[in-house]
2 protein chains.
Amino acid sequence: MQLTPTMHRCVLHWGEMASRWGVSRSVAQIHALLFLAPSPLTADEIAETLNVARSNVSVSIKELQAWDLVSVTHQLGDRRDYFQARKDIWEVLTMIMDGRKKREIDPTLQMLREATADAGKDHETPEQVKQRIADMLEFVEELSGWYDQIRTMPRPTLLKLMRMGTKVAKIVT
Amino acid sequence: MQLTPTMHRCVLHWGEMASRWGVSRSVAQIHALLFLAPSPLTADEIAETLNVARSNVSVSIKELQAWDLVSVTHQLGDRRDYFQARKDIWEVLTMIMDGRKKREIDPTLQMLREATADAGKDHETPEQVKQRIADMLEFVEELSGWYDQIRTMPRPTLLKLMRMGTKVAKIVT
DNA sequence: CCGTAATTTCTGTCTTTTCTGAAATTTAAA
DNA sequence: TTTAAATTTCAGAAAAGACAGAAATTACGG
């Protein structure tokens with residue numbers, strides 16, 4: 001697939017942002033390409049467009065599928081896999097946040113719970129430190145619970161709330 | 001400073017999470033240590049406790065200061081710098097989010113605005129693709145604006161809203 | 001069941017990032 | 001000043017991560 005200068009720029013920027021968020025450049029570039037692409041692409045097309053090895057595309061696509069951001073389609077009379085990305089940007093963000101919560105926040109919560117439990121039968125750790133860990137646990141649990149809640153809300157509701165901005169505050173006065 | 005097993009565990013976990021978010025392990029470990037530490041520490045104490053080079057501590061601390069997460073204090077009759085981290089976990093999150101917005105979201109917004117502008121006098125990029133970029137821009141602008149708004153709200157208000165969970169929805173029926 | 005297209009796995013190389021240790025600089029007390 | 005402590009800078013080593021290309025596997029048409 002031939003990239004126009006505008007697309008080229010988006011793909012490159014997305015790739016540059018990647019490392020700042022702990023994502024490999026290839027994964028991000030492929031995601032950007034598939035997000036923009038008007039129609040599904042084969043792995044070979046992706047490799048050629050972005051000038052990366054075919055095998056790299058294979059691994060990166062697997063990663064994107066694990067995040068539920070990319071899916072496979074097929075064309076009649078063609079054995080090749082055609083890949084497409086979610087186009088709904090809101091859904092994209094949701095998938096990324098769900099994934100990060102599952103992979104990073106939940107294990108951290110786990111660790112904090114264990115640390116807090118251990119702190120009971122731990123006489124060397126200063127009380128102040130234990131308190132700090134307990135605060136952290138409470139905070140992450142609160143945020144996590146909040147996310148789970150708003151996660152269930154229908155998008156139009158969420159949008160309305162967002163657009164109200166600080167005006168939502170009036171209901172808690 | 002001698003780490004208790006509980007503290008040791010927290011520091012290690014924080015360090016492991018770091019790379020997933022594009023942060024170096026040293027920076028994260030130092031931050032965890034200073035967050036937990038009951039009192040400010042010198043660079044040498046940090047280096048010794050975490051078994052990292054003194055110079056590494058210097059650079060990492062600079063990074064943490066740039067994020068406004070760590071500050072310097074002094075003790076009477078002691079020339080050395082004593083470092084301490086923000087203890088208020090809510091503030092810590094706020095600082096991180098502010099920093100990420102400034103460093104990553106704002107430049108992305110910039111790029112999207114330019115891409116959208118260019119798209120006007122660009123006859124090769126398919127309409128569909130332009131639309132996708134425009135959608136993206138609108139979405140990021142919306143989120144960004146929302147963040148700026150809630151950023152101004154007093155913390156107790158925010159806390160109350162969070163604890164209401166999905167119940168806030170009733171005001172937009 | 002065979003041959004070929006498509007995909008994936010794997011190993012080594014290359015790149016990037018992180019980190020160290022020495023040297024240089026700054027700071028402040030003597 | 002001089003001296004010594006503290007900090008920072010910097011060049012290169014080490015580690016981690018990303019990537020390419022070959023080999024292996026799988027899937028499919030004939």
Side-chain angles (χ1 to χ4, degrees), chain A residues 1 11-34 40-67 70-84 103-104, chain B residues 1 11-34 40-67 70-84 103-104:
Chain A
M1 192 204 177
V11 168
L12 245 48
H13 180 90
W14 209 231
E16 281 158 15
M17 279 299 132
S19 71
R20 303 201 171 216
W21 295 93
V23 175
S24 94
R25 199 177 37 164
S26 302
V27 169
Q29 285 186 346
I30 292 171
H31 183 230
L33 173 62
L34 290 177
L41 302 176
T42 64
D44 278 314
E45 283 176 304
I46 296 169
E48 201 187 349
T49 306
L50 300 177
N51 279 300
V52 295
R54 180 51 240 278
S55 57
N56 189 358
V57 174
S58 178
V59 175
S60 298
I61 288 273
K62 278 275 138 68
E63 176 81 8
L64 287 166
Q65 285 176 320
W67 285 80
V70 162
S71 60
V72 186
T73 47
H74 292 97
Q75 315 251 322
L76 274 163
D78 190 337
R79 294 166 49 183
R80 291 173 301 175
D81 288 344
Y82 282 77
F83 300 101
Q84 63 190 353
R103 282 158 234 232
E104 283 128 29
Chain B
M1 191 201 176
V11 169
L12 245 48
H13 180 90
W14 209 233
E16 280 157 15
M17 279 299 132
S19 71
R20 303 200 172 218
W21 295 92
V23 175
S24 93
R25 200 179 36 165
S26 302
V27 169
Q29 286 185 346
I30 292 171
H31 183 231
L33 174 61
L34 291 177
L41 302 176
T42 63
D44 278 313
E45 284 177 303
I46 296 169
E48 201 187 349
T49 307
L50 300 178
N51 278 300
V52 295
R54 178 52 241 276
S55 57
N56 187 358
V57 173
S58 178
V59 175
S60 298
I61 289 273
K62 278 276 138 68
E63 176 80 8
L64 287 166
Q65 285 176 320
W67 285 81
V70 162
S71 59
V72 186
T73 47
H74 292 96
Q75 314 251 323
L76 274 163
D78 190 338
R79 292 164 52 182
R80 291 172 300 175
D81 288 344
Y82 282 77
F83 300 100
Q84 63 190 353
R103 282 158 233 236
E104 283 127 28

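Here is how names work: the chains are called A, B, and so on, in the same order as the sequence lines, proteins then strands, and each is numbered from 1. None of these values were measured; they are calculated from a predicted model.
When all heavy atoms of A:Ala18 and A:Ser24 are compared, the pair lying nearest together is CB-O, 3.9 Å.
In this structure, CZ of A:Arg54 is placed 10 Å from P of C:dA6, rounded to the nearest angstrom. Taking atom CD of residue A:Glu45 and atom P of nucleotide C:dA6, one finds them 12 Å apart after rounding to whole Å. Counting to the nearest Å, the P atom of C:dT20 and the CG atom of B:Asp44 are 14 Å from each other. Here the P atom of nucleotide C:dT7 and the CZ atom of A:Phe83 are 6 Å apart, to the nearest Å.
Taking only side-chain nitrogens and oxygens, A:Arg80 never comes nearer than 4.0 Å to OP1 or OP2 of C:dA5.
A 4.5 Å side-chain heavy-atom check between B:Ile46 and B:Met1 finds every atom pair outside the cut-off. Contact check for A:Val72 versus A:Ile61: no side-chain heavy atoms found under the 4.5 Å cut-off. Contact check for B:Leu34 versus B:Gln84: no side-chain heavy atoms found under the 4.5 Å cut-off. Annotation: side chain of A:Glu104 is in contact with side chain of B:Trp21 (closest heavy-atom distance under 4.5 Å).
The residue A:Asp81 sits close only to the backbone: its heavy atoms come under 4.0 Å of sugar-phosphate atoms, none of a base.
Between atom CD1 of residue A:Ile30 and atom CD of residue A:Glu63 there is a gap of 10.5 Å, rounded to the nearest 0.5 Å.
Under the side-chain contact (heavy atoms from CB on, under 4.5 Å) criterion, A:Ser55 pairs with A:Ala53, not counting sequence neighbours.
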Short heteroatom pairs, N/O only, protein and nucleotides 10-18 of chain C, under 3.5 Å:
none

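Within 6.0 Å of CD in B:Glu48 there are 12 or fewer heavy atoms belonging to other residues, nucleotides or ligands.
Taking the 5' to 3' direction, DNA chain D first and last meets chain B under 4.0 angstrom from a heavy atom at D:dA4 to D:dT9.
The 5' end of DNA chain C is approached more closely, in terms of each residue's nearest nucleotide, by A:Ala43 than by the other of A:Ala43 and B:Ala53.
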